[in-house]
Amino acid sequence: DGGITQSPKYLFRKEGQNVTLSCEQNLNHDAMYWYRQDPGQGLRLIYYSQIVNDFQKGDIAEGYSVSREKKESFPLTVTSAQKNPTAFYLCASSRHDRGRGNTQYFGPGTRLTVL
Amino acid sequence: AQKITQTQPGMFVQEKEAVTLDCTYDTSDPSYGLFWYKQPSSGEMIFLIYQGSYDQQNATEGRYSLNFQKARKSANLVISASQLGDSAMYFCAMREANTGNQFYFGTGTSLTVIP
């Protein structure tokens, strides 16, 4: 089945540790995105990538890093520089489709908790 | 200014009744797209419906329709014949042509369907 997978579903991290969240898609979409969601709030864009080996900062990129070495994969690293990393992280992808407005499709999310 | 405003933090609807979730947006770009997503308690964001700014007719997808009033800059979601499984958070989002593929999300509306 085509779709977007994120792993792990739940992740616990000690303060001061870096941690990497996985996002894989087999939809052959060019663009991929990372969002952060805090309780009672909407989604905020961390990073996005329109094409392999290229990515741009979103609204809240500080303390995060990404790579896009393959079309299918867009891992997000939460570094120790991120002061408040406990949140729900959602990955999305989209393809160029004027008729559907480049709709973004989402993975199931990863819930990160810093202990 | 907020790009997307959802003024209803919580809504209740009787099963089998229709419900309208409000969304207003702010943009000066003549070309934009409007989206609605459903987020059940599991966390995954599920795409529901899309409306392009140049579309002449309101979008419909099964029991979902988008009441698009361009002059008022509103894009309300109408769910007909509510079901218990419709209980979830609902997010309105917008993509502007001049900002590429970046989406702006509202803060969401929590819908509870009462048996």
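We name chains A, B, ... by the order of the sequence lines, and we start the count at 1 in each one. When reading the values below, keep in mind they use all heavy atoms of this one structure, side chains included, and skip hydrogens, waters and symmetry mates.
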Visitor: Taking side chain as C-beta onward, heavy atoms only, is A/Asp59 less than 4.5 Å from B/Gln102?
Guide: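 Heavy-atom side-chain distance check passes, below 4.5 Å.
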Visitor: Please check if atom CD in A/Glu62 has more than 12 non-hydrogen atoms from other residues, nucleotides or ligands closer than 6.0 Å.
Guide: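 For A/Glu62, atom CD is not crowded (no more than 12 foreign heavy atoms under 6.0 Å).
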Visitor: Just verifying a value: how many Å separate A/Thr103 OG1 and B/Phe47 CZ, rounded to the nearest 0.5 Å?
Guide: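 One finds 4.0 Å between OG1 of A/Thr103 and CZ of B/Phe47.
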Visitor: Same cluster for A/Val78 and A/Val66 if Ile/Leu/Val/Met/Phe/Trp/Tyr side chains link at under 4.5 Å?
Guide: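 Linked, A/Val78 and A/Val66 end up in one cluster.
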Visitor: For the atom pair CZ (B/Arg95) and CG (A/Asn102), what is the distance rounded to the nearest 0.5 Å?
Guide: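 Nearest 0.5 Å value for the CZ-CG distance: 4.0 Å.
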Visitor: Would A/Phe106 and B/Tyr37 count as a ring pair (Phe, Tyr, Trp, His ring centres under 6.0 Å) if you check the C-alpha gap in whole Å, the side-chain angles of each, and the deciding distance to 0.1 Å?
Guide: CA-CA 10 Å; A/Phe106 286 81; B/Tyr37 287 85; 5.3 Å; yes
Visitor: For A/Gln6, is it the side chain, the backbone, both, or neither that has a heavy atom closer than 4.5 Å to a heavy atom of chain B?
Guide: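 Looking at A/Gln6, nothing touches chain B.
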Visitor: Does B/Ile49 share a hydrophobic cluster with B/Tyr32, counting links as ILVMFWY side-chain heavy atoms below 4.5 Å and allowing steps through other members?
Guide: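 Linked, B/Ile49 and B/Tyr32 end up in one cluster.
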Visitor: Below 4.5 Å from any heavy atom of chain A, which atoms of B/Gln39 appear? Answer side chain, backbone, both or neither.
Guide: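 B/Gln39 touches chain A through side-chain heavy atoms alone.
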Visitor: Name the option with the most non-hydrogen atom pairs under 4.5 Å to chain B; the candidates are A/Arg44, A/Gln41, A/Gln37.
Guide: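 Ranked by heavy-atom pairs under 4.5 Å with chain B, first place is A/Gln37.
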Visitor: Quick check: B/Phe103 with A/Tyr35 (ring centres under 6.0 Å apart)?
Guide: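 Distance test on ring centres: not under 6.0 Å, no.
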Visitor: Shared ILVMFWY cluster between A/Met32 and A/Phe88, side chains joined below 4.5 angstrom?
Guide: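 Hydrophobic grouping puts A/Met32 apart from A/Phe88.
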Visitor: Select one option (side chain, backbone, both, neither) describing which atoms of A/Leu43 are under 4.5 Å from chain B's heavy atoms.
Guide: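 Both parts, backbone and side chain.
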Visitor: Let's test your reading of the structure: which of A/Gly107, A/Gly109, A/Ser94 forms the most heavy-atom pairs below 4.5 Å with chain B?
Guide: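 Looking at each option in turn, the highest pair count goes to A/Gly107.
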Visitor: Please say whether more than 12 non-hydrogen atoms of neighbouring residues, nucleotides or ligands are located less than 6.0 Å from NZ in A/Lys9.
Guide: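 Counting neighbours around NZ of A/Lys9, 12 or fewer heavy atoms of other residues, nucleotides or ligands fall under 6.0 Å, so no.
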Visitor: How about CD1 on B/Ile46, more than 12 heavy atoms from neighbouring residues, nucleotides or ligands closer than 6.0 Å, or not?
Guide: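 Yes, the 6.0 Å shell around CD1 holds more than 12 heavy atoms from other groups.
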Visitor: If Ile, Leu, Val, Met, Phe, Trp and Tyr residues are connected whenever their side-chain heavy atoms lie under 4.5 Å apart, and connections chain through other members, are B/Leu66 and B/Phe35 in the same group?
Guide: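 They do not share one cluster, since no chain of ILVMFWY contacts under 4.5 Å joins B/Leu66 to B/Phe35.
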Visitor: Side-chain heavy atoms under 4.5 angstrom apart, residues restricted to Ile, Leu, Val, Met, Phe, Trp, Tyr: same cluster for B/Val78 and B/Val113?
Guide: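 Different hydrophobic clusters.
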Visitor: For B/Phe91, is it the side chain, the backbone, both or neither that has a heavy atom under 4.5 Å from a heavy atom of chain A?
Guide: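 Answer is side chain: those atoms of B/Phe91 sit under 4.5 Å from chain A.
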